[in-house]
Visitor: 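One structure is given below, represented as structure tokens, and several questions about it will come after.
What you are looking at is a predicted structure, and each value in this text was computed from that prediction instead of being measured. Hydrogens, waters and symmetry mates are skipped; everything else that's a heavy atom, side chains included, is used.
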Amino acid sequence: MEVRLPQSQIRDYKSLIDEMAQTLRPRGLLEVTEFDFRVYDADHQPIMPSRLDEEIPFIARWMNLVNVAVEQRGGEPDAANHLHEWTKSHPDLEDIVYREFWFPTCPWKHGHDPQSARDNRVGAMMRDDIMVCINCVIAAA
């Protein structure tokens with residue numbers, strides 16, 4: 001079964017974790033991966049645009065609108081930010097491992113070192129994928 005962006009459709013994500021935990025066999029593995037609907041700066045701080053701030057990158061403004069839309073539909077756009085807390089506090093789950101992965105959404109690094117080059121390649125792919133997604137949403141509207 002494939003589910004895309006479940007946090008945009010699930011009204012009570014914490015209860016979903018409870019249901020998943022109940023289906024596990026003893027010593028079973030539960031892996032939950034999510035992303036939140038925000039864009040972050042180089043210091044991993046969220047870019048929170050206001051309607052009047054035109055200097056904020058378009059992608060940050062767009063993701064903020066997606067965040068609002070998901071929330072208005074009853075989804076949990078902040079689920080990714082609560083997963084560690086929800087799983088760690090669940091009485092049936094143990095040995096919780098939490099990791100964050102940060103991906104650039106555009107090629108913004110100025111260095112020529114191998115890590116900057118890699119980040120810029122990933123950022124270019126992410127930017128292109130995001131633009132395809134935006135164009136699909138616009139075409140569907």
Visitor: For the backbone of Asp43 and the side chain of Asp41, can you confirm whether one donor and one acceptor N or O come within less than 3.5 Å of each other?
Guide: yes
Visitor: Do the non-hydrogen side-chain atoms of Glu34 and Leu83 ever get within less than 4.5 Å of each other?
Guide: yes
Visitor: Hey, is the main chain of Lys109 close enough, under 3.5 Å, to the side chain of Asn120 for a donor-acceptor pair?
Guide: yes
Visitor: Rounded to the nearest 0.5 Å, what separation is found between the CD1 atom of Ile17 and the NE2 atom of His82?
Guide: 10.5 Å
Visitor: If you define the side chain from C-beta out and look only at heavy atoms, does anything of Glu19 sit under 4.5 Å from Asp12?
Guide: no
Visitor: With rounding to the nearest 0.5 angstrom, report the CE to OG1 distance, Met131 to Thr105.
Guide: 11.5 Å
Visitor: Side chains of Val32 and Met20, heavy atoms from C-beta outward: is any pair under 4.5 Å?
Guide: yes
Visitor: Taking all atoms of both residues into account, what is the closest heavy-atom pair of Thr33 and Glu31, and its distance?
Guide: OG1-OE2, 3.8 Å
Visitor: Identify whether the distance between the nearest side-chain nitrogen and carboxylate oxygen of Arg27 and Asp95 falls below 4.0 Å.
Guide: yes
Visitor: To the nearest 0.5 Å, what is the distance between CG (Asp92) and OG1 (Thr87)?
Guide: 12.5 Å
Visitor: Roughly how far, to the nearest 0.5 Å, is the CG atom of Leu93 from the CG atom of Leu29?
Guide: 10.5 Å
Visitor: Do Asn81 and Arg38 touch side chain to side chain, with heavy atoms closer than 4.5 Å?
Guide: yes
Visitor: Just checking, is any N or O donor in the side chain of Asn67 or Asn64 under 3.5 Å from an acceptor N or O on the other one?
Guide: no
Visitor: Atom CD in Glu71, atom CG in Asp78: separation rounded to 0.5 Å?
Guide: 7.5 Å
Visitor: Does the side chain of Asp119 pick up a donor-acceptor pair with the side chain of Ser116 at under 3.5 Å?
Guide: no
Visitor: Are Trp102 and His44 packed together at the side-chain level, in the sense that at least one heavy-atom pair is separated by less than 4.5 angstrom?
Guide: yes
Visitor: Parallel, tilted or perpendicular for Tyr98 and His84, by the 30°/60° rule?
Guide: tilted
Visitor: Is Glu76 reaching over with its side chain to a backbone N or O of Tyr13, donor-acceptor style, under 3.5 angstrom?
Guide: yes
Visitor: Can you name the closest pair of heavy atoms from Trp108 and Ala42 and give their distance?
Guide: CH2-CB, 3.6 Å
Visitor: Are Phe101 and Met125 linked, directly or through other ILVMFWY residues, by side chains that come within less than 4.5 angstrom of each other?
Guide: yes
Visitor: Could you tell me the separation between the CE atom of Met63 and the CZ atom of Phe35, rounded to the nearest 0.5 Å?
Guide: 5.0 Å
Visitor: Shortest non-hydrogen contact from Arg127 to Cys106?
Guide: CB-CA, 4.2 Å
Visitor: Just wondering, do Tyr40 and Ile47 contact through their side chains at under 4.5 Å, heavy atoms?
Guide: no
Visitor: Of the non-hydrogen atoms in Gly75 and Arg11, which two are nearest, and what is the gap between them?
Guide: N-NH1, 4.5 Å
